[in-house]
Amino acid sequence: MPARDRLLAVLVAVLWGCNFLAIHAALGQFPPMFAGALRFALIAIPTILFVPWPKVKLRYLLGYGIGFGTGQFAFLFVAMDLGMPTGLASLVLQASAPFTVLLGAVLLRERVSGRQLTGILLAVAGMTAIAWQQSSHAALLPVILTLLAALSWAFGNLAVRRATPDNPVHLMLWMSVVPPLPMLALSFVFEGPTAGWHSLTTLGTTTGLIGVAGMAYVIVFGTVVGSGIWTTLMKHHPAGVVAPFSLLVPVVGLTASYFVLDEVPTVLEIVSAAVVIGGVLLGSFRRKPVELPDEDLLPAGA
């Protein structure tokens with residue numbers, strides 16, 4: 001992976017790490033399922049009107065929308081609404097990285113090198129240490145729901161790989177057309193037919209304004225910018241190379257939670273975060289084959 005793409009992947013990790021604070025703010029105003037439906041509806045409407053069809057098979061668009069959009073955020077929003085701590089949510093969700101690599105190897109026959117496997121195992125070890133440190137602060141059900149969100153994200157990653165869109169950003173935007181109706185239906189069933197609409201009537205309050213700001217960040221930076229870059233990277237590189245960068249998200253999430261929510265990390269969490277970074281870097285670099293000089297060969301980069 002070129003240095004520019006590695007920097008873009010790190011940028012996505014920063015955007016998505018801060019995204020958990022925005023979700024925390026949005027859920028203070030909107031019920032979780034309704035928040036998910038509203039988030040994607042606000043992207044879907046202008047997409048249908050102004051963005052060209054991404055020219056991919058419908059089944060891959062539906063797979064991306066159901067996995068990355070509907071499944072991931074339905075499970076995640078409910079988990080956080082049930083009390084999943086912000087920092088821990090940002091950590092557990094990154095189980096999508098090993099899920100993606102495993103599913104990519106089994107379903108897409110993507111090769112996993114020894115260096116990649118070592119890096120992923122190292123990053124997962126650091127992530128596991130942080131989870132063990134924070135496990136006493138979360139009930140079992142929110143953790144399970146967040147793991148299901150991570151698995152849904154992994155299936156969405158594979159759908160992107162199979163779709164091979166000409167314009168990945170168009171695919172990401174059209175993916176947003178899939179989640180609103182199923183998430184709105186889930187909101188009606190589990191949250192009641194009036195809960196979501198009631199949250200819209202109190203947007204002028206302090207909590208409402210904070211919720212709107214959080215929702216705006218989730219839509220613009222978490223979805224359009226972050227997911228747009230991520231989808232582009234998934235098109236041009238194997239899933240097993242891109243996915244480990246998502247393990248940087250909890251490092252950002254834990255740091256942001258420290259400054260904004262006063263969640264003070266322990267020494268173990270700081271050391272484990274460093275292990276996660278090292279594992280991601282190791283897993284993202286591939287050893288280049290040694291080439292013997294040959295006067296008949298073009299120079300590198302020609």
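Keep in mind that the numbers below use all heavy atoms, side chains included, and drop hydrogens, waters and symmetry copies.
The list of ring-ring contact (aromatic ring centres under 6.0 Å, His included) pairs with a residue in residues 159-184, not counting sequence neighbours, reads Trp53-Trp174. Residue pairs that meet the salt bridge (Lys or Arg N to Asp or Glu O under 4.0 Å) test with at least one member in residues 54-74, sequence neighbours left out, do not exist here. For residues 25-35, the side chain to side chain donor-acceptor pair (under 3.5 Å) pairs, not counting sequence neighbours, are Gln29-Thr202. Each ring-ring contact (aromatic ring centres under 6.0 Å, His included) pair with one or both residues in residues 21-52, not counting sequence neighbours, appears once here: Phe34-Trp197, Phe40-Phe73.
Using modelled atom types, one finds no donor on one side chain facing an acceptor on the other under 3.5 Å when comparing Asp5 with His236.
Within a 6.0 Å radius of CZ in Phe221, other residues, nucleotides and ligands contribute 12 heavy atoms or fewer.
The two atoms that bring Ala89 and Leu76 nearest to each other are CB-CD1, 4.3 Å, heavy atoms only. Counting all heavy atoms, side chain and backbone alike, Val78 lies closest to Pro32 at N-CB, 3.9 Å. Of all heavy-atom pairs between Ala44 and Pro180, the closest is CB-CG, 4.5 Å. Leu145 approaches Ala79 most closely through the heavy-atom pair CB-CB, 3.8 Å. For the pair Ser257 and Gly87, the tightest heavy-atom approach, listed with the atom from each and the gap, is OG-N, 3.7 Å.
Between Trp16 and Phe68, the angle of the ring planes lies from 30° to 60°, which puts this pair in the tilted group.
Other residues sharing the hydrophobic cluster of Leu103, ordered by chain and number and joined by side-chain separations under 4.5 Å: Phe99, Leu102, Val106, Leu107, Leu108, Leu151, Phe155, Leu158.
In this structure Ser187 satisfies the side chain to side chain donor-acceptor pair (under 3.5 Å) test together with Glu191, sequence neighbours excluded.
Judged by distance alone, with hydrogens and angles left aside, the side-chain atoms of Arg39 form no donor-acceptor pair with the main-chain N or O of Ile219 at under 3.5 Å. Using modelled atom types, one side-chain atom of Thr70 and one backbone atom of Gly65 make a donor-acceptor pair closer than 3.5 Å.
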